[in-house]
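Structure, as structure tokens:
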Amino acid sequence: MLTKPKDRKELLINGFLWAAAFLAVAILVFILGYIILKGMGHVDLEFLTQKPRKMGSEGGIFPIIIGTVYFVFLTILTAAPLGVGTAIYLNEYTREGKITRIIRFGTELLAGIPSIIFGLFGYAFFVVLLHDYTQGWSLVSGALTATCMILPTLVRASEEALKTVPRSYREGSLALGANKWQTIYKVVLPSALPGILTGIILSIGRAICETAALLLTLGGSLLMPESIFHGARTLSMHLYMVAMETGNMDVAFGTGVVLIAIILLINFTANYAIKKLVARNR
Amino acid sequence: MKKLNKPCRISQLSDKIAKPLLFGMALTAFSITVLIAFFIFQQGLPVLGEYGIWNILTGKSWRPTEGIYGILPMIAGTFYVTFLALAIGVPFGLATAVFLAELATEKTARIIRPAIELLAGIPSVIYGLFGMVVINEAMRFIEREILAGVLPPEYRWGYSILSGGMVLAIMILPTIINISEDAIRAVPRSYKEGALALGSSHIQTILQVILPSAKSGIISAVILAMGRALGETMALIMVIGNVPMLPRHGILSLFAPAATLTGTIALEMGYAGPEHRAALFMIGVVLFCIIALLNSFAMAATRRGVGK
């Protein structure tokens, strides 16, 4: 048997490890629970369908929900083809070499850049320099900035998905006389699609979470966005602006509840998709 | 024969177009990085040149309306909060990672892992809101009721470096946990089996064999977490008070309000005039350089890990 003091020390460390893991879960539950409990009472049909009044400190968040939907849709519309295209090029058309290494290095670097830097870039490039095309602070400028931010996630997820497609599929297709593009379009992409979709769902989550870069590019208008060339604000931005500028915490918590509901939905969908994928690949 | 020819030509054409088109996409993805660096530096460097790098980096006051651009308080604020977050988050995260990799049963891990994933997916404004209402309220109580006698009057608003550090520590947990867990799992089974066969207990094996072998992975986890902490903007704006002043009360500075590099940019871009705006881009340049330096450390660390 072990000697006593050693035993006690080991028990202590063991306890610390257990405590740390459960504290991590407890913190999550506490944060989410606190915000949901505080904000739940404020979320009703009126809150979800009315226009905001008095800079958002009263009224609902309908235009903000619509603005968020527009923004996410526009972001994915530009980011998905670019990300998937880059992944196809890297995985299908080139061998590991100098070019792929440079491109991959570039996209990896992108992943480490703080979002406020993306905001500065988006401001200087999309809002100011391309003003004639984006109309300054607008959904277009915000979505293009967010596209740059989620690109690394998308490229990596799509590449992983493409790598899981067995070589034999490609060989079989080529042997039947299909050319390279036909093989990719009709054989490789359909088999990689679930993985790519999971990547896209996760990117949507990231776009919804983003705030700092959008403060400098999206405009923050409370009005219903009339077109993609008008300003808007997303739920995250609204939460921040209401909490910091008007001080009405009820609206901030209510917005927080809606935001958390969306994030939970996205997380569950992604997890479900991943589980399906694992089950299929087995 | 003719009928068959037509679809063939289309598919041949698309096959020919596909490669350059996809290459163009890949090139766009790459060139975004270059464009970002170009624009930040193009806008920010003039101010850096005009006022002198040294004056700006060591200047103690930031008064943009008077043309005084010293960013030392923001650099200090950023690093205080970051190191505080690492001091709290790294032991905590590492312990969780060890638990998940070594102690947890499949069933327990199935509860904890999704929770960590969710922690990573929560928007930073939610953490900010929580910190602003819950943590800062608690801080205000401590500052006004418990430490009222020792603290200078300007440290009694709840907005503080300590609040920022705590919020940030929670936010970097997923990064630390996920990467260290991978590193711990990558330690060859034979190491562990050897140690256990020699009579060490499980905890001894973890402390003396597994953790040292996973060292390089754990270091890169810490560096990545640090990058995340340095770049965090929104949650900190909401809890830290945004006062660009150097704290100078020793350990009591934990209760001082402060400002960060990122937060200053986010808060002031909205109303800044042309020169002030350029100065904010200059802060962007400084931030960019710090992150680039950190990333090169991370790359060196991983390379050494691979080499070993």
Side-chain angles (χ1 to χ4, degrees), chain A residues 2 10 13-14 16-18 20-21 23-25 27-28 31 34-35 82 85-86 88-90 93 102-103 106-107 109-110 112-121 123-125 148 151 155 179-182 205 208-209 211-212 215-216 236 239-240 243-244 249 252 256 259-260 263 267 271, chain B residues 11-12 14-15 18-19 22-23 25-26 28-30 32-33 35-36 39-40 43 92 95-96 98-100 103-104 111-112 114-119 121-130 132-134 170 173 201 203 227 230-231 233-234 238 262 265-266 269-270 281 284 287-288 291 295:
Chain A
L2 288 165
E10 300 222 332
I13 294 174
N14 214 329
F16 174 65
L17 296 178
W18 277 83
L23 191 60
V25 180
I27 288 175
L28 173 80
I31 293 179
Y34 185 86
I35 288 177
L82 203 57
T86 304
I88 293 176
Y89 182 77
L90 286 176
Y93 277 93
I102 292 176
I103 292 176
T107 46
L109 265 189
L110 221 49
I113 296 177
S115 63
I116 192 70
I117 301 264
F118 282 99
L120 283 175
F121 162 70
Y123 173 81
F125 189 53
C148 304
L151 211 51
V155 171
N179 61 35
K180 186 143 193 162
W181 177 242
Q182 284 172 325
I208 289 177
C209 286
T211 316
L215 280 179
L216 309 190
S236 313
L239 192 164
Y240 163 76
M244 291 288 280
M249 289 302 178
L259 200 52
I260 289 174
I263 296 296
N267 244 283
N271 275 347
Chain B
S11 68
Q12 269 169 0
S14 56
D15 190 43
K19 191 175 176 180
L22 292 169
F23 178 67
M25 286 178 168
T28 313
F30 167 71
I32 289 172
T33 319
L35 273 180
I36 289 177
F39 273 96
I40 305 294
Q43 304 273 322
F92 183 13
T96 310
V98 171
F99 178 83
L100 281 174
L103 297 180
I111 301 170
I112 295 175
I116 306 296
E117 224 169 87
L118 200 55
L119 217 49
I122 295 177
S124 46
V125 284
I126 296 274
Y127 286 109
L129 184 66
F130 177 78
M132 197 175 172
V133 176
V134 179
I170 302 172
L173 268 186
S201 68
I203 297 286
L230 288 171
T233 315
M234 302 314 295
M238 295 171 83
T262 52
I265 301 174
M269 269 309 271
F281 270 94
L287 199 60
F288 196 94
I291 296 286
N295 275 350

> Looking at CE of B:Met132 and CE of A:Met249, how far apart are the two atoms once the value is rounded to the nearest 0.5 Å?
Replying inline: 3.5 Å
> What residue in A:Leu215, A:Thr86, A:Leu23 has the most heavy-atom pairs under 4.5 Å with chain B?
Replying inline: A:Thr86
>> Can you give me the closest heavy-atom contact between B:Phe92 and A:Ala20, atom names plus distance?
In response: CE1-O, 3.0 Å
>> Is B:Ile126 close to chain A through its backbone or its side chain, or both, or neither, when contacts mean heavy atoms under 4.5 Å?
In response: both
>> What I'd like to find out is whether the side chain of A:Ile116 reaches to under 4.5 Å of the side chain of B:Met269, using heavy atoms alone.
In response: no
> Are A:Trp181 and B:Leu22 close enough that some pair of their side-chain heavy atoms sits under 4.5 Å apart?
Replying inline: yes
> When rounded to the nearest 0.5 angstrom, what is the spacing between CD1 in B:Ile170 and CD1 in A:Ile27?
Replying inline: 4.5 Å
> For B:Gly121 and A:Ile263, which heavy atoms make the closest approach, and how far apart are they?
Replying inline: O-CG2, 3.5 Å
> Atom CD1 in A:Ile31, atom CD1 in B:Ile122: separation rounded to 0.5 Å?
Replying inline: 6.0 Å
> For B:Phe130 and A:Tyr34, what are the C-alpha separation, side-chain angles and deciding distance, and is it a side-chain contact (heavy atoms from CB on, under 4.5 Å)?
Replying inline: CA-CA 8 Å; B:Phe130 177 78; A:Tyr34 185 86; 4.3 Å; yes
> With respect to chain B, which residue among A:Thr211, A:Ile260, A:Val25 yields the maximal number of heavy-atom pairs within a distance under 4.5 Å?
Replying inline: A:Thr211
> Relative to chain B, which of A:Gly205, A:Ala252, A:Ser236 shows the most heavy atom pairs under 4.5 Å?
Replying inline: A:Ser236
> Given a strict heavy-atom distance threshold of 4.5 Å, which part of B:Ile40 is in contact with chain A: side chain, backbone, both, or neither?
Replying inline: side chain
> Of the backbone (N, CA, C, O) and the side chain (C-beta and beyond), which part of A:Ile102 lies under 4.5 Å from a heavy atom of chain B, both, or neither?
Replying inline: both
> Which region of B:Leu100, side chain (C-beta onward) or backbone (N, CA, C, O), has a non-hydrogen atom less than 4.5 Å from a non-hydrogen atom of chain A, or is it both or neither?
Replying inline: neither
>> Working note: A:Leu239 + B:Met238, criterion side-chain contact (heavy atoms from CB on, under 4.5 Å); need CA distance, chi angles, decisive distance, verdict.
In response: CA-CA 11 Å; A:Leu239 192 164; B:Met238 295 171 83; 4.2 Å; yes
> Looking at A:Ile13, A:Leu259, A:Ile208, A:Leu110, which one has more heavy-atom pairs under 4.5 Å with chain B than the rest?
Replying inline: A:Leu110
> By a 4.5 Å heavy-atom criterion (distance strictly below it), what part of B:Met234 contacts chain A: side chain, backbone, both, or neither?
Replying inline: side chain
> Between A:Leu90 and chain B, which part of the residue has a heavy atom less than 4.5 Å away: side chain, backbone, both or neither?
Replying inline: neither
> What part of B:Ile36 lies closer than 4.5 angstrom to a heavy atom of chain A: side chain, backbone, both or neither?
Replying inline: both
> Side chain, backbone, both or neither: which part of A:Ile103 has an atom under 4.5 Å from a heavy atom of chain B?
Replying inline: both
> Which one of B:Ile116, B:Leu35, B:Ile111, B:Leu230 has the most heavy-atom pairs closer than 4.5 Å to chain A?
Replying inline: B:Leu35
> Roughly how far, to the nearest 0.5 Å, is the OG1 atom of B:Thr28 from the CG atom of A:Leu82?
Replying inline: 5.5 Å
>> Using a 4.5 angstrom heavy-atom cutoff, name the option from B:Ala266, B:Ala104, B:Ser124 with the most pairs to chain A.
In response: B:Ala266
>> To check you understand the geometry: which heavy-atom pair defines the closest contact between B:Thr33 and A:Gly106, and what is its length?
In response: OG1-O, 3.0 Å
>> In the structure I gave you, are the side-chain heavy atoms of B:Phe288 and A:Ile113 within less than 4.5 Å of one another anywhere?
In response: yes
> Mind checking what makes side chain to side chain donor-acceptor pair (under 3.5 Å) contact with A:Tyr123, not counting sequence neighbours?
Replying inline: B:Arg277
>> Using a 4.5 angstrom heavy-atom cutoff, name the option from B:Asn295, B:Val98, B:Leu173, B:Leu103 with the most pairs to chain A.
In response: B:Leu103
> Given that the side chain runs from C-beta out, which part of B:Thr233 has a heavy atom under 4.5 Å from chain A: side chain, backbone, both or neither?
Replying inline: side chain
> Which one, A:Ile88, A:Leu216, A:Val155, A:Leu109, leads in non-hydrogen pairs under 4.5 Å with chain B?
Replying inline: A:Leu216
> Considering only heavy atoms, which portion of A:Asn267 lies under 4.5 Å from any heavy atom of chain B: side chain, backbone, both, or neither?
Replying inline: side chain
> Parallel, tilted or perpendicular for A:Trp18 and B:Phe99, by the 30°/60° rule?
Replying inline: perpendicular
> Atom CD1 of B:Ile32 and atom CG of A:Leu151: how far apart are they, to the nearest 0.5 Å?
Replying inline: 5.0 Å
> Minimum heavy-atom separation for A:Ile117 to B:Gly284, with atom names?
Replying inline: CD1-O, 3.3 Å
> Can you name the side chain to side chain donor-acceptor pair (under 3.5 Å) partners of B:Thr262, sequence neighbours left out?
Replying inline: B:Thr260
> For B:Glu117 and A:Asn271, what are the C-alpha separation, side-chain angles and deciding distance, and is it a side-chain contact (heavy atoms from CB on, under 4.5 Å)?
Replying inline: CA-CA 10 Å; B:Glu117 224 169 87; A:Asn271 275 347; 3.1 Å; yes
